[in-house]
Undergrad: 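The structure under discussion is supplied below as structure tokens; questions concerning it will follow.
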Amino acid sequence: MEVTGTVAPPCSRVQDVFADVLDEQPGTGASFAVWRDGEWLVDLWGGWADAAHTQPWTSDTLVMPYSVTKPFAAMCVLVLADRGLVDLDAPMQVYWPALRARATVRDALSHRAGLVALDEDAPTEAFYDWDLMCSLLEQQEPTWPPGTAQGESALFHGHLLGQVVRAVDGRTLGRFLREEVCAPHGLDFHVGLTDAELGRVADLTGFAEDFLESQRVYPDLYHRAIGNPPGARDAAVVNGERWRRSEVPAVNGHGTARGVAGLYAALAQGRVLSPALMEELVRTRGEEPDLVVGGGHEWGLGVGVDADGFGMGGTGGSFGWWSRSGRYAAAFMTGHVGTHDRGERLENAVREALGLPPV
């Protein structure tokens with residue numbers, strides 16, 4: 001399958017690995033970008049943008065990377081905190097008085113608020129109705145006492161943060177992200193698409209039984225968290241115009257690999273957050289069990305953290321990350337949902353070129 005874009009000489013083999021990844025994807029295509037020392041080492045894309053294979057994936061094709069959206073949502077609250085408009089240690093009720101869960105803003109950012117699943121069945125319509133979703137969250141008792149444990153708020157992270165943004169600024173999270181984070185830093189990433197952006201979105205493909213089977217390894221709480229409201233893994237929902245226009249800022253951002261990697265490049269350059277808040281961004285409580293996705297996990301403020309860096313992966317295989325050891329920002333954005341082995345292969349090809357050990 002044809003690969004388009006550019007690769008700096010040290011990373012020439014990455015293009016071959018990317019071509020192999022595309023050949024293995026029977027549905028839509030992908031993009032991969034790596035920034036280091038002020039330049040793009042890798043900026044590749046290829047494959048098809050639609051399930052019918054009639055429209056090629058281009059340099060500005062947008063795709064939904066699920067939880068890769070979460071750090072973008074977090075940036076909105078953190079930018080406001082940097083401006084002195086949000087107190088991270090204040091109760092959420094300061095900004096959302098009707099919320100029942102007694103969590104702090106920091107709890108919400110670091111997935112410790114306990115609002116991960118709804119007890120009552122909710123309609124798919126809640127994804128398209130911000131007020132309806134928030135009314136459900138207002139009345140929900142947290143799954144654990146806020147602050148005492150952690151677990152990824154798979155579908156609701158963006159609503160919790162979005163309510164803080166609305167209370168302080170008046171804009172929706174998607175509009176604030178567009179105007180205060182992405183536009184100033186040239187990031188092609190969006191929550192709540194416009195007419196123009198709808199015309200360059202790739203379909204998500206691959207929601208077959210083998211993909212759903214691969215997700216059955218997660219704890220029961222994960223399936224409750226991701227399945228109510230229903231539709232977040234339904235191609236008919238996530239490829240629909242209503243979903244793409246709506247703001248579900250935990251999962252439904254749409255962007256390019258360069259747009260995602262660009263966020264981490266901007267953070268590394270000190271262009272988004274102050275040094276003090278950057279320290280808080282990546283400060284964790286150490287590795288703890290994640291009650292939703294399972295296994296040990298370290299959460300910073302809206303980002304996952306490990307020994308080498310910080311960022312976020314998403315359901316289906318996309319990721320965005322900053323590597324401390326390599327001093328690079330990388331992002332893989334795929335339209336065909338699957339495992340994370342594709343992104344790992346690509347990143348390891350980059351690391352090999354840079355003389356770094358594999359991830």
Side-chain angles (χ1 to χ4, degrees), residues 3-22 25 29-47 57 59 61-72 74-75 182 185-189 253 255-269 271-272 278 281-282 300 302-335 338-359:
V3 174
T4 308
T6 59
V7 180
C11 297
S12 57
R13 197 179 77 83
V14 177
Q15 184 162 334
D16 296 331
V17 177
F18 186 69
D20 290 342
V21 167
L22 290 181
Q25 296 194 173
S31 57
F32 181 58
V34 180
W35 176 97
R36 191 185 197 225
D37 293 335
E39 64 176 346
W40 292 99
L41 294 182
V42 180
D43 186 18
L44 297 173
W45 60 89
W57 193 294
S59 62
T61 294
L62 305 173
V63 69
M64 190 187 88
Y66 283 100
S67 290
V68 177
T69 307
K70 288 181 170 72
F72 284 87
M75 288 305 123
C182 292
H185 301 293
L187 308 178
D188 196 358
F189 193 92
T256 64
R258 191 163 173 163
V260 173
L263 172 65
Y264 296 97
L267 285 167
Q269 293 174 304
R271 294 191 285 117
V272 182
M278 275 298 299
L281 175 74
V282 297
V303 295
V305 180
D306 68 15
D308 187 52
F310 62 92
M312 194 71 189
T315 294
S318 295
F319 80 89
W321 199 261
W322 172 256
S323 168
R324 292 191 186 95
S325 63
R327 301 296 300 171
Y328 63 77
F332 173 64
M333 300 281 277
T334 179
T339 66
H340 283 275
D341 71 298
R342 297 163 294 172
E344 289 180 7
R345 285 160 53 196
L346 286 162
E347 186 175 3
N348 281 333
V350 172
R351 292 178 69 86
E352 181 181 10
L354 298 177
L356 299 167
V359 292

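Scope of the values below: all heavy atoms of this structure, side chains included, with no hydrogens, waters or symmetry mates. Positions are given from 1 along the sequence.
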Undergrad: Does a donor on one side chain sit under 3.5 Å from an acceptor on the other, for Ser59 and Arg258?
TA: no
Undergrad: Quick check: do Glu347 and Tyr328 have side-chain heavy atoms less than 4.5 Å from each other?
TA: yes
Undergrad: Report the distance from atom CZ of Arg324 to atom CZ of Phe310, rounding to the nearest 0.5 Å.
TA: 7.0 Å
Undergrad: Could you please spell out the steps behind the side-chain hydrogen bond (donor to acceptor under 3.5 Å, both in side chains) verdict for Thr6 and Asp43?
TA: CA-CA 5 Å; Thr6 59; Asp43 186 18; 4.9 Å; no
Undergrad: For Phe18 and Phe32, take the angle between the two ring planes, folded into 0 to 90°, and tell me which bin it lands in: parallel under 30, tilted 30 to 60, perpendicular over 60.
TA: parallel
Undergrad: Once you round to the nearest 0.5 Å, how far does CD of Gln269 lie from CH2 of Trp35?
TA: 4.0 Å
Undergrad: Please name the pair of heavy atoms, one in Gly302 and one in Ala74, separated by the smallest distance, quoted to 0.1 Å.
TA: CA-CB, 3.8 Å
Undergrad: Measuring only between side-chain heavy atoms, which start at C-beta, is Leu41 closer than 4.5 Å to Val7?
TA: no
Undergrad: To check you understand the geometry: which heavy-atom pair defines the closest contact between Gly316 and Arg342, and what is its length?
TA: O-NH2, 2.7 Å
Undergrad: If you measure from OH on Tyr264 to CE on Met312, what distance do you get to the nearest 0.5 Å?
TA: 8.5 Å
Undergrad: If you define the side chain from C-beta out and look only at heavy atoms, does anything of Leu22 sit under 4.5 Å from Trp57?
TA: no
Undergrad: Closest approach of Ala261 and Ala329, non-hydrogen atoms and distance?
TA: O-CB, 3.4 Å
Undergrad: Does a side-chain heavy-atom distance below 4.5 Å link Phe72 with Val260?
TA: yes
Undergrad: Hey, could you give me the OG1/NE2 distance between Thr315 and His340, rounded to the nearest 0.5 Å?
TA: 7.0 Å
Undergrad: Any non-hydrogen side-chain atom of Leu281 less than 4.5 Å from a side-chain atom of Met75?
TA: yes
Undergrad: To the nearest 0.5 angstrom, please state how far the CZ atom of Arg327 sits from the CG atom of Asp37.
TA: 8.5 Å
Undergrad: Do the side chain of Asp308 and the main chain of Ser325 share a donor and acceptor less than 3.5 angstrom apart?
TA: yes
Undergrad: Just to verify, which of Leu267, Leu263, Val272 counts as forming a side chain to side chain contact (heavy atoms under 4.5 Å, CB included) with His185?
TA: Val272
Undergrad: Distance from Cys11 atom SG to Arg351 atom CZ, nearest 0.5 Å?
TA: 12.0 Å
Undergrad: Quick one: are Arg36 and Val350 in side-chain contact, heavy atoms under 4.5 Å?
TA: no
Undergrad: Taking Ser318 for its side chain and Thr334 for its backbone only, find out whether a donor-acceptor pair lies under 3.5 Å.
TA: yes
Undergrad: Do the side chain of Thr256 and the main chain of Gly259 share a donor and acceptor less than 3.5 angstrom apart?
TA: yes
